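This report concerns only the one structure given below.
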Amino acid sequence: YVVTNYHVIEDADDIEVEFILNDEIQKFNAEIVQVDKTNDLAIIKIFDMNFDGVDELPYNFKTRSRDVGTKVYAFGYPMALSIMGKEMKVTDGMISSKTGLDGNITTYQISATIQPGNSGGPLFDDMGNLIGINSSGLARLGSETTGYTIKSSYVASLIDVLPKSIE
């Protein structure tokens with residue numbers, strides 16, 4: 001299962017997940033399992049005969065709210081299909097606010113840069129805890145260091161309504 005933003009898969013006819021597995025880039029077919037349009041979240045599942053799964057994930061999933069000032073790291077693939085290449089990029093910053101645009105309680109405002117292509121990527125704290133899913137930024141409006149991340153508690157809520165229970 002993979003969590004991403006709804007706006008990433010919204011108009012997709014076919015979904016392909018690409019990542020490094022066994023030291024090589026591999027691509028697998030995936031399908032949409034559950035969406036939350038309101039909170040801009042989606043869960044997709046790799047559905048490919050050539051996929052045997054992955055080892056235990058090397059991070060924790062934290063749903064408790066984090067404090068303003070918490071150091072964060074935004075992972076993603078900004079402009080991967082155009083000028084920045086397919087290598088994963090990381091930007092760092094901190095939680096600037098426990099709310100997003102117009103006081104939106106579902107998101108954190110962060111100072112880590114979020115650009116097109118970062119959407120759907122994870123936000124980690126300095127302890128390696130997944131604390132959010134990166135969703136948008138204000139770079140196009142001239143604020144390079146203002147990003148928004150959907151809090152992991154909303155991801156947990158989406159997982160809770162899946163037709164089949166997963167860990």
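Remember, it's a predicted structure, so these values are computed and weren't measured experimentally.
Within 6.0 Å of the CG atom in Leu162, the count of heavy atoms belonging to other residues, nucleotides or ligands exceeds 12. The number of heavy-atom neighbours closer than 6.0 Å to NZ of Lys71, taken from other residues, nucleotides and ligands shown, is above 12.
Taking both residues in full, the closest heavy atoms of Ile114 and Gly147 are given as CG1-CA, 3.8 Å, listed atom of the first, atom of the second, then distance. What you find for Asn118 and Thr113 is that their closest heavy atoms are OD1-O, 4.2 Å. Looking at every heavy atom in both residues, Asn50 comes nearest to Asp48 through N-OD1, 2.9 Å. When all heavy atoms of Gly93 and Ser111 are compared, the closest pair comes out as CA-OG, 3.3 Å. Across all their heavy atoms, Ile150 and Asn39 have their closest contact at CD1-O, 3.0 Å. Closest heavy-atom contact between Val8 and Ser119: CG2-CB, 3.8 Å.
For the atom pair CD1 of Ile15 and CD1 of Ile46, the computed distance is 11.0 Å after rounding to the nearest 0.5 Å. Once rounded to the nearest 0.5 Å, the distance linking OG of Ser135 with OH of Tyr148 reads 9.5 Å. To the nearest 0.5 angstrom, Thr4 atom OG1 is 12.0 Å from Glu10 atom CD.
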Donor-acceptor contacts under 3.5 Å from residues 154-161 side chains, at least two apart:
unit_1	atom_1	unit_2	atom_2	d
Ser157	OG	Ser153	O	3.2

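Phe47 is linked by a ring-ring contact (aromatic ring centres under 6.0 Å, His included) to nothing, counting only residues two or more places apart in sequence or in another chain. Partners of Asp67 under the salt bridge (charged side-chain N to carboxylate O under 4.0 Å, His left out) rule, at least two apart in sequence or in another chain, are Lys98.
Here the side chain of Asn129 pairs no donor or acceptor atom with the backbone of Ile131 at under 3.5 angstrom. A side-chain donor-acceptor contact under 3.5 Å links Asp36 to the backbone of Thr38. Under a 3.5 Å cut-off, the side chain of Asn5 and the backbone N or O of Asp40 do form a donor-acceptor pair. Under the 3.5 Å distance criterion, the side-chain polar atoms of Ser97 are left unmatched by any main-chain donor or acceptor of Gln109. A side-chain donor-acceptor contact under 3.5 Å links Asp125 to the backbone of Met127.
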Exercise for review: Give the intermediate values and the outcome of side chain to side chain donor-acceptor pair (under 3.5 Å) for residues Thr149 and Asn134.
Suggested key: CA-CA 4 Å; Thr149 299; Asn134 302 318; 3.0 Å; yes
Exercise for review: Take Thr91 and Lys89 through the side chain to side chain contact (heavy atoms under 4.5 Å, CB included) test and state the conclusion after the steps.
Suggested key: CA-CA 7 Å; Thr91 57; Lys89 310 296 186 295; 5.8 Å; no
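Listed by first and then second residue, the ring pair (Phe, Tyr, Trp, His ring centres under 6.0 Å) pairs that reach into residues 90-114 come to none, sequence neighbours excluded. Counting only residues at least two apart or in different chains, ring pair (Phe, Tyr, Trp, His ring centres under 6.0 Å) contacts with residues 110-131 comprise Tyr59-Phe124, Phe75-Phe124. Applying the ring pair (Phe, Tyr, Trp, His ring centres under 6.0 Å) test to pairs two or more places apart or on separate chains, those with a residue in residues 20-46 are Phe19-Phe28, Phe28-Phe51.
No chain of hydrophobic side-chain contacts below 4.5 Å, direct or via other Ile, Leu, Val, Met, Phe, Trp or Tyr residues, connects Val68 to Leu123. Both Tyr1 and Leu130 are part of a single hydrophobic cluster, where members link through side-chain heavy atoms under 4.5 Å apart. The cluster map of Ile, Leu, Val, Met, Phe, Trp and Tyr, joined by side-chain heavy atoms under 4.5 Å apart, puts Ile133 and Met94 in different clusters.
The shortest side-chain heavy-atom distance between Ile32 and Ile44 falls under the 4.5 Å cut-off.
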